[in-house]
Amino acid sequence: MNQIRPADAALTDWRQVALRFEAEIAKAVIGQERAIRLVTIAIFARGHVLLEGDVGVGKTTLLRAVARALGGAYERVEGTVDMMPADLIYHTYLAEDGRPRIEPGPVLRRAEDLSVFFFNEINRARPQVHSLLLRLMAERSVSAFNREYRFPYLQVFADRNRVEREETFELPAAARDRFLMEIGMEAPTDPGMRRRLAFDPLFHDTDALIQEVAQDVIDQASVAGIAAAIQHGIHASPALEEYVVRLWSAIREPGQAGIALPDVAMDALVQGGASPRGVAFLIRAARVRAWLEGRDMLLPEDLRAVFPETMAHRIFLEPVYEMRRESILPALCRAVLDRVPAP
């Protein structure tokens, strides 16, 4: 008779916590089950998340709900055109006695207990601000006041307004690679959900809506250990490993893989990207997805479920195609998944 190992029992218990987390988020955001699942995967894969979509589809509401249900110290900033990197670290003001004062900014206010950092409308901030944020994301540390601060629990959640172009500063593709996932959000298409969003007063008061979400469903300080256990506990067969290698080759060299897209010279499409780090992130996310589905073995559908969100923003196109990026990359990802046979 097989015995249940303590690690297996812990993963089972934590799976129930993760599913409860998703249920709590769904109280505030309806019709976004896929986005909620992808955010949950990113949390347990220990990766940062960039949400993008039209104005008013619920990006900020989703991230506020996530911050409430995800335990740990929380800070939020609003991207503005006049923001400077120092604004994240400290702010100065004149005290009542007329003397200048310096206090920690949003990154340092909670010191090294900071676990959730929400950057609203990141593309409104200048590239200098992006540079500091990207270092914080990559290294989970920042230097200030003659010392180095480390943030072992930190996860960055940002949203991007993809509609407005004036006074915005887009993240370059190489910088966006720091995000584990880019998750698109669209308005629900189900007529019943649209009716609720339009007529139910609950969805007209965002603050009241967020209060419906339970606080601290997840112990953020324990996520890193559980995340490591997931990566060691979910296995892949040799056939699936070969499948990943074929996907990797096809996304980098789509022409040689026999993939064709309308009005695109496939052999001159991809300039670079889909690096080993990107493929490693794909596997991390797929393992978490398998765990959430109650399995200890990776299946092709786990990879397919997270492939566009983990890989598309890591593909660098030739400049002639870059302006069509938002239409080409989703089509390329679909074509790769359709073309490469799954085991």
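Closest of all the heavy-atom pairs between Ala18 and Leu292 is CB-CD2, 3.6 Å. When all heavy atoms are compared, the tightest approach of Trp291 to Leu11 is NE1-O, 3.0 Å. Shown here for Arg176 and His313, the closest heavy-atom pair between the two residues is O-CD2, 3.1 Å.
With sequence neighbours left out, the side-chain contact (heavy atoms from CB on, under 4.5 Å) criterion links Ile210 to Ala28, Thr61, Arg64, Ala65, Arg68, Thr206. Partners of Arg135 according to the side chain to side chain donor-acceptor pair (under 3.5 Å) rule, which considers only residues two or more places apart in sequence or in another chain, are Glu139.
Side-chain contacts under 4.5 Å among hydrophobic residues (ILVMFWY), followed directly or transitively, place Leu197 together with Ile30, Met193, Leu202, Phe203, Leu209.
With values rounded to the nearest 0.5 angstrom, Ile234 atom CD1 is found 8.5 Å from Arg295 atom CZ. Rounding to the nearest 0.5 Å places CG of Asn123 at 13.5 Å from CZ of Arg126. For the atom pair Gln271 CD and Leu317 CG, the distance stands at 8.5 Å (nearest 0.5 Å). How far OG1 of Thr310 is from CZ of Arg289: 12.5 Å, rounded to the nearest 0.5 Å. Here CH2 of Trp248 is found 10.5 Å from CG of Leu282. Values are rounded to the nearest 0.5 Å. Residue Ser275 holds its OG atom at 8.5 Å from CZ of Phe281, rounded to the nearest 0.5 Å.
Taking the six-membered ring for Trp and thresholds of 30 and 60 degrees, Phe151 and Tyr149 have nearly parallel ring planes, at less than 30 degrees apart.
Considering Leu180, Val49, Val306, Leu51 in turn, Val306 is the only one that fulfils the side chain to side chain contact (heavy atoms under 4.5 Å, CB included) rule with Leu38. For the salt bridge (charged side-chain N to carboxylate O under 4.0 Å, His left out) test with Glu22, the passing option among Arg37, Lys27, Arg15 is Arg37; the others fail.
In this structure a side-chain-to-backbone donor-acceptor pair under 3.5 Å is missing from His48 to Ala138. In this structure a side-chain-to-backbone donor-acceptor pair under 3.5 Å is present from Gln155 to Gly47. One N or O on the side chain of Arg140 and one on the backbone of Leu154 form a donor-acceptor pair closer than 3.5 Å. Side chain of Asp159 to main chain of Glu121: a donor-acceptor pair is present (N/O by atom type, distance under 3.5 Å, no hydrogens or angles).
The 12-atom threshold is exceeded at CZ of Phe118, counting heavy atoms of other residues, nucleotides or ligands nearer than 6.0 Å. Residue Asp97 qualifies as enclosed at atom CG: its count of foreign heavy atoms under 6.0 Å is above 12. Annotation: Arg147, atom CZ; neighbour count of heavy atoms from other residues, nucleotides and ligands within 6.0 Å is above 12.
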*Starting from the C-alpha separation in whole Å, work towards a yes-or-no answer on side-chain contact (heavy atoms from CB on, under 4.5 Å) for Phe44 and Val17.*
CA-CA 11 Å; Phe44 286 95; Val17 172; 5.5 Å; no
_I'd like to know whether Glu322 forms a salt bridge (Lys or Arg N to Asp or Glu O under 4.0 Å) with Arg325, so could you lay out the CA-CA distance, the side-chain angles of the two residues, the decisive distance to 0.1 Å, and finally the verdict._
CA-CA 5 Å; Glu322 193 62 39; Arg325 180 182 187 87; 3.1 Å; yes
_Stepwise salt bridge (Lys or Arg N to Asp or Glu O under 4.0 Å) test for Asp263 and Arg324_ = CA-CA 11 Å; Asp263 301 320; Arg324 298 167 54 194; 5.1 Å; no
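No chain of hydrophobic side-chain contacts below 4.5 Å, direct or via other Ile, Leu, Val, Met, Phe, Trp or Tyr residues, connects Val245 to Met311. Both Val29 and Ile41 belong to a single network of hydrophobic side chains, linked directly or stepwise wherever heavy atoms of I, L, V, M, F, W or Y lie under 4.5 Å apart. Under the 4.5 Å side-chain heavy-atom criterion for Ile, Leu, Val, Met, Phe, Trp and Tyr, Leu50 and Leu133 are members of the same hydrophobic cluster. Linking Ile, Leu, Val, Met, Phe, Trp and Tyr whenever their side-chain heavy atoms come within less than 4.5 Å puts Leu132 and Leu114 in one cluster. Both Ile259 and Val320 belong to a common hydrophobic cluster when Ile, Leu, Val, Met, Phe, Trp and Tyr are linked at side-chain heavy-atom distances under 4.5 angstrom.
Residue pairs meeting the salt bridge (Lys or Arg N to Asp or Glu O under 4.0 Å) criterion with at least one member in residues 328-343, sequence neighbours excluded, do not occur. Residue pairs satisfying the salt bridge (Lys or Arg N to Asp or Glu O under 4.0 Å) criterion with at least one member in residues 308-320, sequence neighbours excluded, are listed as follows: Arg34-Glu309, Asp177-Arg314. Residue pairs meeting the salt bridge (Lys or Arg N to Asp or Glu O under 4.0 Å) criterion with at least one member in residues 209-220, sequence neighbours excluded, do not occur.
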